[in-house]
Number of protein chains: 2
Amino acid sequence: MAKTAVKNKVRRKDRILDTAEALFARMGFVGVSMRMVAEGAQVDLALASYHFGNKRGLFDAVLARRSDIINEKRLEALRDCISSAGAAGPELEAIVDAFIQPLLGVGLEKDAGWRHYMELIALVNSSHELGGQAMTQFFDPLVNEFIQALKKALPGAAEEDIYWSHHFFSGALTLTLAQTGRLDNLSSGKVKSNDLEAAYRRMVPFVTAGFKALCKPEKG
Amino acid sequence: MAKTAVKNKVRRKDRILDTAEALFARMGFVGVSMRMVAEGAQVDLALASYHFGNKRGLFDAVLARRSDIINEKRLEALRDCISSAGAAGPELEAIVDAFIQPLLGVGLEKDAGWRHYMELIALVNSSHELGGQAMTQFFDPLVNEFIQALKKALPGAAEEDIYWSHHFFSGALTLTLAQTGRLDNLSSGKVKSNDLEAAYRRMVPFVTAGFKALCKPEKG
DNA sequence: CAAAAAATTCAACGATCATTGAAAAATTGA
DNA sequence: TCAATTTTTCAATGATCGTTGAATTTTTTG
């Protein structure tokens with residue numbers, strides 16, 4: 001019975017991570033207690049501390065669990081669009097697409113885990129205290145790769161304009177990932193903020209046009 | 001001594017609001033304790049509960065205090081750009097400008113209060129639990145006015161495209177208001193995320209181009 | 001000035017929090 | 001199977017939480 005035993009071992013740890021992921025995404029770090037996690041995962045209160053050291057360790061473990069996977073997907077998408085482009089480099093639109101398609105893609109999976117993770121990323125990205133370390137650690141390396149690609153696709157543009165454009169892009173993406181449902185209210189139900197397919201289809205042209213309008217070649 | 005007495009009375013209440021505003025903006029609703037507020041405002045612990053009922057009442061009071069002021073400014077900016085335009089209505093760019101200029105304008109004041117308030121709005125806007133009620137109550141009426149103006153400036157565009165465009169716009173604006181400093185890290189200090197003037201100058205053309213690219217007249 | 005009202009302080013309530021050491025159970029390795 | 005290791009449970013710790021009723025002070029009102 002070694003196999004099922006191992007299974008059960010892992011199940012508890014993963015159940016804690018799944019529960020914590022969903023709770024942290026909805027209520028933030030301080031809004032979630034270890035007791036909520038334990039109850040949701042149906043394990044003893046002390047078990048999460050045993051496995052992850054403390055509450056912050058649990059939070060970091062939740063972030064880390066999927067960051068490698070999604071970052072690899074996004075990096076692969078970027079490399080694909082670079083390698084399939086000519087010597088002049090990929091088009092701006094292809095870069096923008098590679099940046100968001102993997103993210104919104106995993107959100108369409110049946111498993112709610114990735115959706116919770118996206119909401120969590122959105123929450124962390126617009127947080128002062130959590131965002132500083134976590135985003136830098138888990139996502140900045142990837143973002144820098146994209147910035148490099150953007151610089152090539154926007155020759156002659158001022159560096160500041162590219163960074164600001166990316167910032168606006170990041171904000172639009174973040175609010176979409178958050179899926180707060182406010183868009184539903186505002187549109188009286190005509191638009192569903194959890195329709196990631198619709199969001200993806202529209203964000204690419206919107207952002208691409210924004211980049212092109214702002215990041216024009218400098219005069220000189 | 002009635003005058004200074006009244007002054008002191010108001011001072012305590014406002015000191016509580018100022019302190020709570022700064023703390024809530026940085027650490028969120030659950031991240032702030034009544035004791036932190038009391039200590040920061042240098043008042044007794046029980047005083048905030050006396051004035052505002054409970055913690056949630058204090059939070060709502062913080063939100064409400066400046067919402068009327070800023071909403072009036074933004075509405076006035078919208079009406080100005082409408083009245084100064086011809087019969088065809090204002091240009092898209094003027095509407096976008098009216099939407100954000102008052103917000104980023106107050107952020108430039110010497111008093112840090114408005115800056116904290118902006119950060120708080122950003123936090124609330126990307127929060128599930130707080131956002132639902134608070135944003136609807138304090139900001140949705142204004143947003144609907146802008147949506148109406150946008151519809152006129154984008155004749156023939158699909159309603160869904162306008163709502164999604166506004167959503168991306170709102171995300172870009174929100175992350176900028178948050179001033180998390182992540183942009184500073186990413187650009188190695190070349191761009192300052194608290195440079196609201198620079199943000200404003202770039203957000204208008206970026207967002208305007210996004211709207212124009214996405215909200216084209218429907219075929220039919 | 002005296003009474004009424006509002007503002008402020010004080011002390012304490014029960015509840016919940018994260019963490020931990022030790023005991024117990026389950027799993028692994030030989 | 002038996003010892004070693006890991007996992008899980010149990011019980012309790014001290015700290016902090018929001019709220020409140022009563023007492024006290026300050027301000028307003030007549």
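Order of the sequence lines sets the chain letters (A, B, ...), proteins ahead of strands, with each chain counted from 1.
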Do A/R35 side-chain and C/dA18 base share a donor-acceptor contact under 3.5 Å? yes

Using a heavy-atom cut-off of under 4.0 Å over every strand shown, decide if B/V32 touches base, sugar-phosphate, or nothing. sugar-phosphate

Check the angle between the aromatic planes of B/F206 and A/F211 and answer parallel, tilted or perpendicular using the 30° and 60° thresholds. perpendicular

What nucleic acid atoms does A/S33 come within less than 4.0 Å of, heavy atoms only: base, sugar-phosphate, or nothing? sugar-phosphate

Measure the distance from CG on B/L45 to C1' on D/dG18 and round it to the nearest whole Å. 8 Å

Looking only at side-chain atoms of B/K55, point me to the closest of D/dT19, D/dT9, C/dT19. D/dT19

Please report the distance, rounded to the nearest Å, between CE in A/M36 and C1' in C/dA18. 13 Å

Does atom NZ of B/K73 have more than 12 heavy-atom neighbours, drawn from other residues, nucleotides or ligands, at distances under 6.0 Å? no

Separation of atom CG in B/L47 from atom P in D/dT26, rounded to whole Å: 14 Å

Residue whose closest nucleotide on DNA chain D lies nearer the 5' end, B/R56 versus A/Q42: A/Q42

Any idea which of C/dT8, C/dT19, D/dT19 is nearest the B/M34 side chain? D/dT19

Trace of the salt bridge (Lys or Arg N to Asp or Glu O under 4.0 Å) decision for A/R35 with A/E39: CA-CA 6 Å; A/R35 283 167 172 82; A/E39 190 177 357; over 6 Å; no

Of all the nucleotides listed (C/dT8, C/dT20, C/dC17), which has the minimum atom distance to the side chain of B/R12? C/dT8

Which nucleotide sits closest to the side chain of B/Y50: D/dT19, C/dT20, C/dA7? C/dA7

Are A/F59 and A/F52 near enough that their ring centres are under 6.0 Å apart? no

Please report the distance, rounded to the nearest Å, between CG in A/N54 and P in C/dT19. 5 Å

What's the CZ-P distance between B/F52 and D/dT20, to the nearest Å? 16 Å

Between P of D/dC17 and CZ of B/F29, the distance in whole Å: 13 Å

Taking atom types as modelled, is there a side-chain donor on B/D44 or B/Y50 under 3.5 Å from an acceptor on the other? no

Look at the side-chain N and O atoms of B/H51 and state whether any lies under 4.0 Å from the OP1 or OP2 oxygen of C/dA6. no

A/I16 has an atom CD1; how far is it from atom P of D/dT7, in whole Å? 11 Å

Write down the distance between CZ (B/R11) and P (D/dT26), rounded to a whole number of angstrom. 17 Å

Shortest side-chain distance from B/D44, nucleotide among D/dT7, D/dA12, C/dT9: C/dT9

Side chain of B/S49 only, heavy atoms from C-beta on: which candidate in D/dT19, C/dT9, C/dA18 is closest? D/dT19

